Amino acid sequence: MKLSHKEILYKSTRSSQTATASQAILKGLADDGGLFVPTEIPVLEKSIEELAKMSYQEVAYEVMHLFFTDFTEEELKTCIARAYDSKFDTEEIAPLVKADGTYYLELFHGATIAFKDMALSILPHLMTVSAKKNNVKNEIVILTATSGDTGKAAMAGFADVPGTKIIVFYPKGGVSPVQEKQMVTQKGENTFVVGIYGNFDQAQSGVKEIFGNKELAQELAEKGFQFSSANSINIGRLIPQVVYYIYAYVKMVEKNEIKNGEKINVVVPTGNFGNILAAFYAKNMGLPVAKLICASNENKVLYDFFSTGTYDKNREFMITNSPSMDILISSNLERLIYRIAGNSDKKNKELMEALVSDGKYSITEEMKKELADFYGNYATEAETASLIKSLYEKTGYVLDTHTAVAARVYQKYKEQTGDKTPAVIASTASPFKFTRSVMNAIDTNCNDMDDFALVDKLADISNRKVPRAIDEIRNAPVRHNTVCQAEEMESVIKKFLGITK
């Protein structure tokens, strides 16, 4: 009989503060502004052969119970069952599709047709269980900034979940028309969507500032509220993402595409660094991963970081056709920086303070050596569009703009290295979410069509059904039309919560 696995605690990247899994999920961010990281990465208990016989939900349990050690088996299995159900339009939850010799892990079969659903359909359940465990009587107010996908996926997850409210800020004009329509038509009495005049980084900085405001926290507590986060900085978002990399590997073994133990490369279109960090955690759990290929769009702050060892956000912010990656401050990178600094909260804090004061920091040569598993590159707008077109013409398979960035970067990686290791590309959104950009890449005669006519055209050429998420918003009424300046975010929140008039 196997001994029960040991307890894993979560530590701040900026101090010695620790928390249990449920406390870290509830808080989202540590009190000192740091991010929670597991004090150690557990090793997979089940063999690949055993995992190969399991459903997505069963694999999810095998991964998550090693990290969320203060949840009972029943609690965790209930959260998983409620998350990965008929909200997803395929039974497999995350199908692997082969096109032109490469595997695409389709992470967009959930309620909002983007990879954020994979974690955000379970986070509300983890959170409500965590609140009960910690005797929280306050109503939990989820506060989130979104570059397009997180907001809708979080609202879909939290809509009408008892004991919660959710407020989402997004950059007005900085998301795709479909993304915006998905958000502003969101149902649920406890949901609130606000456009801000500015970009995603301003929205995210505003949210972080509000989280750090102790007076506001006190004022909210007196009225029976407390903040938490659904951004990818929440450990309850990160750990569920580890699952699908393990599931993808297991499926490749099952399909005889690779032998058990053979290494694969993982390619991830990257904005806030959470998705690729989850792949790094999977590797550290013992998954045979060789290279972690980090793909950026023209906002190539991560490519420059991996090339030079300097992270520098002092640059022009580019608005691209892959808006979920239009980010200059990749929040989750802090978790990797903490780790390569030898788990030193002191060194990490120093670098993060430099990012705030100077807009940049540089890592040591020693830390650079710790990044050997990573490869960074970027794709231009023209390269991304050209890849969508050529892959479609060659195979009939249509990628969204973010996945196309990853596919183009993977081509560059192969051209530079000649590496023939089998690869899995994280396909992070349905092409239907970015229909105009995708159709413009494939057929330049579509400019005059409206967004929903384009949807039907895309369904026709790709032989795919229009996803339920798109059909639902075609004629849905707009329920949210608040827009504010970044400095007005706090007063907008108070108004929604009924604290001020």
Side-chain angles (χ1 to χ4, degrees), residues 94-108 114-116 118 232 241-252 257-258 262-284 287-303 305-307 320 322 324-325 327 330 332-333 336 371-380 383-384 386-388 390-391 394-395 397-431:
L96 260 181
V97 175
K98 195 175 189 181
D100 197 23
T102 302
Y103 268 103
Y104 291 89
L105 178 62
E106 291 190 345
L107 300 172
F108 52 75
F115 81 103
K116 308 283 169 86
M118 300 299 293
S232 58
Q241 292 181 281
V242 176
V243 175
Y244 47 70
Y245 292 108
I246 291 167
Y247 180 76
Y249 185 88
V250 163
K251 288 293 150 195
M252 284 180 78
E257 286 290 330
I258 53 170
E262 191 181 337
K263 289 193 169 181
I264 62 167
N265 289 332
V266 173
V267 191
V268 188
T270 308
N272 223 2
F273 210 75
N275 203 1
I276 194 163
L277 186 74
F280 177 72
Y281 277 22
K283 178 180 167 102
N284 282 279
L287 196 70
V289 172
K291 279 284 180 202
L292 296 151
I293 297 169
C294 175
S296 301
N297 64 17
E298 288 178 354
N299 289 292
K300 56 188 182 63
V301 65
L302 285 165
Y303 163 63
F305 168 69
F306 283 117
S307 310
T320 73
S322 43
S324 303
M325 297 154 72
I327 290 175
S330 303
N332 272 290
L333 185 63
L336 182 66
L371 297 175
D373 293 344
F374 288 89
Y375 165 91
N377 213 323
Y378 75 103
T380 64
E383 287 173 328
T384 305
S386 145
L387 189 131
I388 292 171
S390 63
L391 187 70
K394 198 169 181 183
T395 65
Y397 188 59
V398 181
L399 299 180
D400 93 290
T401 43
H402 303 73
T403 309
V405 165
R408 180 65 188 109
V409 163
Y410 179 53
Q411 281 181 348
K412 290 185 179 186
Y413 170 76
K414 283 192 298 185
E415 286 156 13
Q416 281 176 14
T417 62
D419 184 0
K420 293 188 168 56
T421 304
V424 169
I425 295 181
S427 185
T428 50
S430 162

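Residues: numbered from 1 along the sequence shown. We use all heavy atoms of the structure for the numbers below, so side chains are in, but hydrogens, waters and symmetry mates are not. Predicted model, so just to flag it, every value in this text is computed and none were measured.
Salt bridge absent: Glu257 and Lys251 never bring a charged side-chain N and a carboxylate O closer than 4.0 Å. Salt bridge status for Lys414 with Asp419: absent, with no side-chain N to carboxylate O gap under 4.0 Å.
Across Gln411, Lys300, Arg408, Gln416, a single residue satisfies side-chain contact (heavy atoms from CB on, under 4.5 Å) together with Asn377, and that is Gln416. Shown are Pro269, Ser330, Cys294; of these, the side-chain contact (heavy atoms from CB on, under 4.5 Å) with Ile276 is made only by Cys294.
Taking CG from Leu333 and CZ from Phe273, the interatomic distance works out to 5.0 Å, rounded to the nearest 0.5 Å. If you take CD1 on Ile293 and CG on Asp373, they are separated by 11.5 Å, rounding to the nearest 0.5 Å. Here the OH atom belonging to Tyr281 is positioned 13.5 Å from the CD1 atom belonging to Ile246, to the nearest 0.5 angstrom.
Closest non-hydrogen pair, Pro288 versus Tyr249, comes out as CG-OH, 3.4 Å. The heavy-atom pair separating Ala278 from Gln241 by the smallest distance is CB-CB, 3.5 Å. Closest non-hydrogen pair, Ala426 versus Leu107, comes out as CB-CD1, 4.1 Å. For Ile425 against Ala407, the heavy-atom pair with the smallest separation is CD1-CA, 3.8 Å. Residue Ser296 comes nearest to Val405 through the heavy atom pair O-CG1, 3.3 Å, listed as atom of the first residue, atom of the second, then distance. Heavy-atom minimum distance, Ala404 versus Leu399: CA-CD1, 3.9 Å.
In summary, the side chains of Ser322 and Thr401 do not present any donor paired with an acceptor at a separation below 3.5 Å, with no hydrogens or angles considered.
Counting heavy atoms from C-beta outward, Asn299 and Ile327 have side chains that stay 4.5 Å or more apart. Using a 4.5 Å cut-off on side-chain heavy atoms (C-beta onward), Asn275 and Thr270 make no contact. The closest side-chain heavy-atom distance from Glu106 to Leu96 is not below 4.5 Å. Residues Pro422 and Met252 have side chains in contact (heavy-atom distance under 4.5 Å, counting atoms from C-beta outward). Contact annotation: the side chain of Phe108 never approaches that of Asp400 to less than 4.5 Å [non-hydrogen atoms, C-beta and beyond]. Taking the side chain as every heavy atom from C-beta outward, Val268 and Tyr245 approach each other to under 4.5 Å. Lys291 is listed as a side-chain neighbour of Tyr413, based on a closest heavy-atom distance under 4.5 Å. Contact annotation: the side chain of Asn297 never approaches that of Tyr378 to less than 4.5 Å [non-hydrogen atoms, C-beta and beyond].
Between the side chain of Lys263 and the main chain of Thr421, no donor-acceptor pair closer than 3.5 Å is present. Put simply, the side chain of Lys98 never gets that close to the backbone of Tyr103: no donor and acceptor are under 3.5 Å apart. His402 places no side-chain N or O within donor-acceptor distance of the main-chain N or O of Ser427, the cut-off being under 3.5 Å.
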(request) Determine, stepwise, if the pair Tyr244 / Phe115 fulfils ring-ring contact (aromatic ring centres under 6.0 Å, His included). (result) CA-CA 10 Å; Tyr244 47 70; Phe115 81 103; 7.3 Å; no

(message) Set out, in order, the CA-CA distance, both residues' side-chain angles and the distance that settles side-chain contact (heavy atoms from CB on, under 4.5 Å) for Phe280 and Val266, then state yes or no.
(response) CA-CA 9 Å; Phe280 177 72; Val266 173; over 6 Å; no

(request) Show your working on side-chain contact (heavy atoms from CB on, under 4.5 Å) between Thr403 and Tyr104 and close with a plain yes or no. (result) CA-CA 9 Å; Thr403 309; Tyr104 291 89; 3.8 Å; yes

(request) Let me see the working for Val289 and Asn265 under side-chain contact (heavy atoms from CB on, under 4.5 Å), right down to the final yes or no. (result) CA-CA 6 Å; Val289 172; Asn265 289 332; 6.0 Å; no

